[in-house]
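Below, read A as the first sequence line, B as the second, and so on, with proteins coming before strands; counting in each chain starts at 1.
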Amino acid sequence: MSGSVGIVVFPGSNCERDCRRALESLGAHTTYVWHQETSLPDVDIVVLPGGFAHGDYLRTGAIARFSPVMGAVRDHANAGGIVMGICNGFQVLCEAGLLPGALRKNSGLKFICRWVDLRVDNNQSPFAARADAGQRLRIPINHFEGSWYCDPGELQRIRANDQVVLRYTANPNGALDDVAGVTNERGNVFGLMPHPERACEPSSGSQDGAVILGSMLDTAPAREHAHL
Amino acid sequence: MSLASTLHRELGLTDDELAGIRARLEREPTFTELAMFSVMWSEHCSYKSSRLHLANLPTEGEHVVVGPGEGAGVVEVAPGVKVAWKIESHNHPSFVEPGNGAATGVGGIVRDILSMGARPIALMDSLRFGRPGRERTDYLVEGVVDGISSYGNAIGVPTVGGETIFDDCYAHNPLVNVACLGVVEQALQHGRAEGPGNVLVLIGSSTGRDGIGGASVLASAGFGVEAADKRPSVQVGDPLTEKLVIEACLELVRADLLAGFQDLGAGGICCPASEMTSKAGTGAVIDVDRVPRREPGMAPFEVMISESQERMLAVVEPSKLDPVLAVCHRWELGAEVIGEVTATGRLQVVSGGEVVADIPSTSLTDDAPILDRPQERPQSLDGFEAGTALDAPVDPAATFLTLLSQPDIASKRWVWEQYDYMIGLGTLQGPGADAAVIRLPDSAVAVAITVDGPGRFCRLDPYEGARLAVAEAARNVACTGARPVAVTNCLNFGSPEESVVMWQFTEVVRGIADACRGLGAPVTGGNVSFYNETEGRPIHPTPVIGMLGVLDSLQAQVGIGFRAEGDAILLLGATDGFDLGGSELAAMGGGEPSGRPPRLDLAAERSLHGLLGRASTEHLLRSAHDLSSGGLAVALAEAAFGGHLGFTVELPPGESWRTLFSESPSRAVVSCAPGRVARLALAARELGVPLTMLGEVGGEDLDFGDFAVALVAARSRWDSAFAESLSLKVV
Amino acid sequence: MNFGAVVDVMLKPGIADPQGQTVERALPALGYAGVEGVRVGKRIELTVDAGTPEEARELVAEMCNRFLANPVIESYNVTLL
Amino acid sequence: MNFGAVVDVMLKPGIADPQGQTVERALPALGYAGVEGVRVGKRIELTVDAGTPEEARELVAEMCNRFLANPVIESYNVTLL
Ligand SMILES: Nc1ncnc2c1ncn2[C@@H]1O[C@H](COP(=O)(O)OP(=O)(O)O)[C@@H](O)[C@H]1O
Ligand SMILES: [Mg+2]
């Protein structure tokens, strides 16, 4: 076993099963955490999966970030715990202020489900430590609002602090600075638009998603799990 | 004069039907009753013009667990593993409001699957529009695709394939057919209201006026271009609620809390209430005042027939009511007791303590009229028998490239990239394949699904066209290495009140029955959509066949793309160079379709499937792709695009353009490692399938012998033509 | 002459607005009681070149009918600035 | 007391608005010349319960800051009806 992961489920999340399957195939133990919970179970890592929390109504992540569980997620992050938001989870973390920036509609104004190439621009990050510097990863994207943006001053700080972990090699959505995945200042909270859980099995064509998820699981202390 | 005698016609009921209603009630109907009859006896809900003929379809087979008549057909695809499979149309709503029309079409079919206790795991969309490039058509294309994308993606069900076809007969009447596959998670559910004393729980959205007479009335009459007037019936999709309905209901099924279960779609509450009680021989009392509303002042009849979306009706034993409500509330869903099952055999509706409707349940369902409408073969078909006079293309390379950029043939990537086709991690082959191959969740069982409907062939000869539709769907499935086992079908036609349309309909049903029997794939369900016409001009008769196939092992799976340089390319099946009636090459010239469609030999088709099955199990194939629109030329090109590998082929002597563009059925182009060709040839001989060596995989060109084009150039033409044919999207 | 115009596009009354409803349902949990009737629509700002205010208004209304709004489910309102 | 309020949420100036740009680019082909500066945003209508107009306005403004608009990319404007 390599770590215990809490997968937060909001009304309208829809990638929680896929995340569980991928993480467990990499040796993790996972637990779903319903958004109404006010505390997290005993987990090393928190994952906010993709989907359409609260229908993405009003704005992606706008309602979800007020869910009771988000207080506990914030505490976990503030204590240095590892948090990953995938796609809609990324949007929620930005809305909650746990990650910098915001996600706008794709510049092409269409939903895009497609395999893309990414470049690892910071393999010192716990979310990409299994990658070589500059390594190319092939992982699918699946979103309508994935065009990351932040104000220019902040971008400078983010770049200076090496917070951009993943960049698109061919920008599919108009994201500022080709950002596909970015951490908070401390580096323990990570959001990315691509779906690593969709690229973990041989039958999916690429297993590059396991580089990201595996790196994250490596941060957890080895421990024995009682079978729930 | 009674109220009813002036109203029934406005509600779409005939004088005869009103007489029938009076006879069954032994009195004048109340207003609420009349409204209930009008939706339940509508063409859409009652199948009054089609039922007689649909009875001829073969519905039994070793794999069939549930045939037509329930929410969806259910097929056992491996010991103990059951899947639900069904297709539905949402044509008229999609013309009125493309985004929400298509979205609610997705929602509707998903709830059909859910009603069987199955988790929806894949969607397919079969779409037809007028030729692209005009403002109105492109608006419909954009809106429909956006609707499917926004709804299907949000509920987390992948859209794994479909078809998109353009013909001006659909310009004012697009077809939006959506199929859904589900897997029974725990126990099969039934739409029956057993056990007097059990309560009826309405789960999901509140009820508004938005859907009054929506699908049922819209789909039961033709309309003019001024369809926008039908506004009150427009329904807005709410995918968030649908997603919660899916999860909550599956949890109820897992916990064995339901005694009966059905979705709400056309006909609103009235539909499951009458169907579930009449199937069980029971009755029910419904207190409409207990139905949660989103609008004030709704009359009882409005509550009963409103087609507001995202609702399910559950029959629950009183002792299980609390847990049922608790599950729904945990999923943040509305759930309200609205009535009770009785032993009266009557559906009784109460409001303000008064009975506003009291109808024998079966009179709304089983007693609905059955019509044997007049049929007439149109004489205009006589001319089509002659065959198609086509000239040899002057510049075959140019013709080939033009063919690749035809809207029907060009890649539909622009469409399917807007769909999440991967969620669930089960999509082993998605859009771009002959059939989608789906691994069932947490299982080693995989199925193949496809939807096909060659309307042009059906216009020329509905019987033969329908057989070709079934054969093509089965062949698409067979090319992936799967065995076709069950059919769902959506029959899109003009007005049944036209004798010519009725003739087309019966011919199509006869053709489907014939081909399904011949190929051993029974029909487990479907949907009929009549009145697809605008200003009296009907669409082509358009049966859409949804074929389900089973793969014996995940390893036996075959894709369409070439895989390795040096592999041999072979054509399986026989080509008749004169099979060009209704073909893509003929259509390229424009004008009405003409000629006679290819003739299908069911025995040859079956042999081909047998060969593909055997060859995939024995791992003889590197790739397989069926031949359909555009014939061998297009199939070879798509195999090359799929694998990013060119080819060199040599065609049999003679008029090679006929070999290239003929659309003879029962053929596939396959590639094979050189060392396995002999075994494939032997198997082909044993099964009596003609086999022709065509050439070899490799190089950077599509080299047809007589002419060659660069792979990259051809691919980019094919890949971008469709998006380029659309005019700019506005908001 | 250039005229600034604002187009408000809202779902017609009676047409379900799941977005507005969801926002409304979410508000109490955020600590806002007593908020009702939430409807979410579009606002479009633009500048048109026209001879007179009337012409400008007409032009924008025509654009609304053709493509800025979907008359089947939406109503619109044009304001000249 | 109930107050009707309208919230307009627009992308901040300087943030690209692809929706507005697409409309603007499409217009000439549809026969509309001279239309510029198209921006597409949201309009939210709601009713709040408050003691005075000032309180109502403040309440809605707070909801905007916290929830209805995202200050990283959007600006808002509140109108009491
Ligand atoms: N509307 C659509 N939605 C999803 N996939 C589509 C759609 N239209 C076409 N496709 C995909 O594009 C590919 C080619 O379609 P088509 O030419 O109809 O195939 P075939 O001739 O084998 O039936 C198929 O894999 C199909 O699933
Ligand atoms: Mg095919």
- Note on the structure: So, the part of A:Arg198 with a heavy atom under 4.5 Å from chain B: the answer is both
- Can you check side-chain contact (heavy atoms from CB on, under 4.5 Å) on B:Glu332 and A:Gln36, steps first, answer last? CA-CA 10 Å; B:Glu332 302 176 19; A:Gln36 294 285 13; 3.0 Å; yes
- Message: In the structure I gave you, are the side-chain heavy atoms of A:Asn142 and B:Ile423 within less than 4.5 Å of one another anywhere?
- Response: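 Heavy-atom side-chain distance check fails, nothing below 4.5 Å.
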So which atom in [X] and which in [Y] form the shortest heavy-atom distance, rounded to 0.1 Å?
X        : Y        : result
A:Trp115 : B:Met422 : NE1-CE, 3.5 Å
B:Arg330 : A:Trp34  : O-CZ2, 3.4 Å
B:Leu425 : A:Glu197 : CD2-O, 3.6 Å
A:Tyr57  : B:Asp238 : OH-OD1, 2.6 Å

- Message: Just so I understand: if I count every heavy-atom pair under 4.5 Å between each of B:Gln557, B:Glu247, B:Arg439, B:Arg413 and chain A, which residue has the most?
- Response: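 Answer, by heavy-atom pair count under 4.5 Å with chain A: B:Arg439.
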- Message: Apply side-chain contact (heavy atoms from CB on, under 4.5 Å) to residues A:His195 and B:Asp420 and explain how you reach the verdict.
- Response: CA-CA 12 Å; A:His195 284 264; B:Asp420 181 351; over 6 Å; no
- Query: Tell me, side chain or backbone of B:Leu428 under 4.5 Å from chain A's heavy atoms, or both, or neither?
  - Reply: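 Side chain only.
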- Is it the backbone or the side chain of B:Gln418 that comes under 4.5 Å from a heavy atom of chain A, or both, or neither? both
- Query: Does B:Arg563 CZ have over 12 foreign heavy atoms under 6.0 Å away?
  - Reply: no
- Which residues from residues 148-156 of chain B are near chain A, with near meaning under 4.5 Å between non-hydrogen atoms?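 Counting heavy atoms that sit under 4.5 Å from chain A, the residues of residues 148-156 of chain B involved are B:Ser149, B:Asn153, B:Ala154, B:Ile155, B:Gly156.
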